[in-house]
Amino acid sequence: MTSGGSSGIAWLFSEALKQPAGSRDLWLAAATPDQAARDEVQALLRVYDEDPGFLESPIAAVAAAVRVIEEQEGSVAEGRRLGPYRLVREIGRGGMGVVYEATRDDAEFERRVAIKLLPATLASAALDERFRFERQVLAGLDHPNIARLFDAGSSDDGVLYLVMEFVDGQPIDAWCLSRQLTICQRVELSLAVCEAVAHAHRNLVVHRDLKPANILVNAQGQPKLLDFGIATLISEQGQSVGMTRTGQHSFTPEYASPEQVRGERVTTASDVYSLGVLLYTMLAARPPHALADLTPLEAMRAICEVDPPAPSSVAPPNDQGLLRGDLDAIVLKALRKDPGGRYRSVFELDGDLRAWLDGRPVTAGPTSVGYRARKFVGRHRVSVAAAAAATLAILGGGGVAVWQARVAAVQRDRAENRFREGRQFSRALLFDVNEALSKVPGNTGPRRLLLDRAVQFLDGLASDAGIDAALKLELAEGYRRLDSLQGDPASANVGNRAAAATSFEKATRLADEVLASQPDDLDALILAMKAQSDLQIASLGLHDTQRESGARARHRELLQTLERRAQGSPRVVEAIANGYADLAAALENSGDHAGAERALMVALPLLEQVPAARRTPEVRERHAFVLKRLGAQLQWLDRSADAERRYREALVLDEEALAASPGDPEAQWSVTVTLSNLGSVLSRLGRRDDSLAPWARALELRRRIVAADPKDQRAVEGLAMMLGRLSSRAYEDKRFADSVVYNRE
Amino acid sequence: MSRASSNDVTRLLHDWGNGTADALPRLIEIVYPELRRIAARHLSRERMGHTLQPTALVSEAYLRLAKQPAGKPFQDRTHFFAVAARVVRAVLVDHARARLASKRGGGAIAVELTDAVAPVPAPSIDLIDLHNALTALELIDPQQSRVVELRCFGGLSIDETAEVLAVSASPVDRDWLLAKTWIRRQMTRPGTST
């Protein structure tokens with residue numbers, strides 16, 4: 001960690017390099033009187049001389065990137081032999097392997113086949129398994145519209161391969177356009193695809209990647225379904241089993257169902273959805289969602305949330321008339337966001353398409369008397385009167401009411417489903433994704449984007465009337481988490497703080513709404529207090545004293561509500577202690593150290609009284625935290641002796657926690673902070689020698705943290721601070737040698 | 001999937017040049033798949049024995065994404081190289097990590113470095129170690145860290161690096177020599193490897 005940043009060193013080093021090797025030391029001695037700098041440059045020169053070409057191939061790393069990509073994509077030379085087959089040319093590649101056109105040129109006959117390879121460079125236990133699985137899946141399928149599996153094997157050098165029917169054809173969407181098929185012909189063509197998928201489903205196979213590129217139409221006009229590379233098996237109940245992990249997220253977004261995009265369980269209903277996208281694209285000559293210009297996140301939203309326009313509204317003008325009505329309804333039913341709202345099987349979809357071709361009523365049609373009547377009239381013009389009479393008879397009496405109730409129930413279920421999905425998604429964004437991202441340095445941009453989206457989601461959910469209390473609290477907690485991220489002091493600007501304050505207020509409002517109907521709800525009280533404390537700190541940052549004092553008053557009011565049930569459970573007591581600690585944090589932030597001390601002195605005895613059985617690590621941590629904050633207030637109030645006592649009490653708890661998990665950097669860090677403060681208090685008390693021991697131990701622990709994780713910026717800075725402190729102390733004490741050692745480090 | 005229009009890229013490059021923080025992640029989102037695609041296509045055409053010139057790779061990505069009209073300020077292009085360097089680094093490290101994770105039990109990932117001009121077997125280098133050392137350097141001296149990133153992952157010369165960083169060449173040269181030596185020491189130090 002030696003002065004890499006010093007431009008002086010950089011200059012000395014690069015100039016020294018220009019000198020002949022034998023005279024560098026001499027040159028250095030003349031160039032600078034600083035022995036430390038000379039030592040460092042000489043050390044660096046030795047490192048340099050070991051390998052002057054290090055990193056010098058200027059583009060080496062990019063070449064390496066390319067190599068990594070190459071490794072991942074796999075590469076097998078054309079012209080190579082596999083058993084009786086010779087590879088002719090590559091015709092496709094993906095994460096699951098590379099596909100070649102190949103010939104079997106035995107003496108007897110020549111045959112074109114497609115060979116799918118899993119190159120050795122790509123092979124891993126998981127992919128091997130997936131590859132064998134595809135073989136097993138294909139072996140179980142036998143349908144004229146599914147590319148057949150002929151053979152499988154592995155080469156001498158361990159390359160796994162599948163030999164399949166070679167389909168010389170065009171993707172189905174391109175075929176429709178190039179052959180200028182009529183709408184009826186397109187629907188007929190899609191029936192063959194439905195049959196192939198239905199066949200797979202009957203054999204308990206879900207394809208999961210239905211798209212034009214995987215459905216080729218040959219010269220005879222026969223569509224062939226290819227590539228079961230990410231297929232999965234389903235149980236008899238229709239849920240996917242086995243092989244759900246590998247390849248779970250490899251799909252084609254344009255054709256992926258909402259549940260697939262969300263990484264949820266994939267069933268036959270997902271294939272129904274993808275067939276819906278396929279139909280849409282074939283009929284309207286454009287996909288239901290234009291994802292091309294969207295970011296992944298936006299695309300995900302579009303798939304999960306946005307209802308596509310009816311195919312008839314976007315199709316070429318000549319086709320619009322035929323599409324309007326039943327075909328629109330069929331396609332949109334297949335494309336429902338909620339799997340339960342789609343066709344229950346490909347068989348049903350197939351049935352509706354056939355019904356449309358025959359001019360019979362389709363199940364997806366608007367279920368109105370008028371609709372059924374129109375269809376009926378079309379087919380049996382003669383018996384219209386009888387039919388009308390019969391229909392009216394059915395719908396007389398209670399029939400209508402029952403039907404309406406069913407429609408209402410279906411709509412409610414759908415709304416609930418959508419709500420639940422949105423909630424899961426926003427929770428994932430807020431907590432999982434954000435947490436994962438937070439561990440990677442330098443991505444505040446994407447996190448910002450993520451948070452903005454999460455706010456939109458939460459706003460949308462919160463605006464929904466009639467949500468229950470539990471959900472309101474969950475949303476409130478969501479808002480709270482959100483603003484602690486928005487208001488992150490490390491990256492805060494005023495805009496962020498204002499957004500944070502707004503989110504806190506939203507959290508507060510939701511909690512208050514719950515309290516209005518259930519004034520004693522402990523969860524709501526706790527949450528409301530936390531939000532008020534956060535709001536005070538955020539308002540302070542905005543210099544909004546009015547909002548700050550409002551929040552503080554409300555915070556105290558909530559505390560009093562809790563205290564009125566003081567004989568309550570240990571949970572209530574802990575909640576009160578936490579509430580006072582949070583209040584103290586807000587007071588401390590505003591500079592009211594006496595007030596903060598008073599609040600902490602309410603919290604402290606409550607925490608001390610927590611029965612041993614309930615002294616969880618969280619409680620002990622909270623207890624130590626209160627003691628440390630108390631020590632800090634006492635330092636501010638210049639009551640150093642009291643502060644020392646509190647820090648020593650805190651240190652006991654910190655050391656206990658560290659002893660319980662010695663490798664935990666968080667526990668190590670916690671101890672170092674207390675030690676550092678204790679040392680400062682002791683110096684302040686004039687006990688300079690006593691203060692050296694805690695500082696030295698803090699130094700040692702921080703070195704350990706940094707050694708374990710050199711990227712831990714907090715620890716690096718903390719270490720630097722501790723070194724600086726020890727260095728100036730040594731200087732004051734005239735231990736100059738020590739001072740220099742610390743300083744250099 | 002995100003086939004961004006050239007307008008987007010140009011605008012984002014401008015935004016980024018003007019200090020808009022959100023522009024970089026958006027750019028990376030656009031550039032990453034494009035670089036991967038171009039590299040993969042080159043690889044399927046040029047087999048073993050041909051090494052793709054990485055600067056050509058980056059240039060092609062730029063041409064495709066920004067469709068630079070004549071007379072466009074050169075600054076966009078240099079900015080783009082800076083983005084590409086960041087992206088290439090991310091691609092590399094992601095893949096190295098993924099491979100590390102897939103090899104149960106782990107072990108360092110050694111990627112062979114080859115010089116595109118002279119196909120001499122170059123020494124292996126541990127990418128994740130390099131990335132970690134670079135990240136550590138970033139804490140101490142962000143400028144030196146950027147110099148290394150641009151040189152190593154963007155394939156830029158000293159002069160081009162200086163242009164991207166809007167400084168003169170000689171401090172860049174000095175920073176480069178010191179930084180790469182510092183990184184080597186960091187990487188060869190016992191017990192620092194991941």
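In the text below, chain A, chain B and the rest are named by the order of the sequence lines, each starting its count at 1.
At a 4.5 Å heavy-atom cutoff, the contact between Tyr48(A) and chain B is made by backbone and side-chain atoms alike. There is no contact between Leu45(A) and chain B, counting heavy-atom distances below 4.5 Å.
The two residues Arg185(B) and Ala43(A) come nearest to each other via the heavy atoms NH1-CB, 3.9 Å.
Listed for the Arg184(B) side chain is no donor-acceptor partner under 3.5 Å among the backbone atoms of Phe54(A).
Leu44(A) contributes atom CG, which lies 12.0 Å from atom NZ of Lys180(B) (distance to the nearest 0.5 angstrom). Phe13(A) contributes atom CZ, which lies 3.5 Å from atom OG1 of Thr181(B) (distance to the nearest 0.5 angstrom). The CG atom of Leu178(B) lies 9.5 Å from the CG atom of Leu17(A); values are rounded to the nearest 0.5 Å.
Remark: Arg704(A) engages Glu700(A) in a salt bridge (charged side-chain N to carboxylate O under 4.0 Å, His left out) (not counting sequence neighbours). Scored by the salt bridge (charged side-chain N to carboxylate O under 4.0 Å, His left out) test, Arg38(A) finds no partners at all (sequence neighbours excluded).
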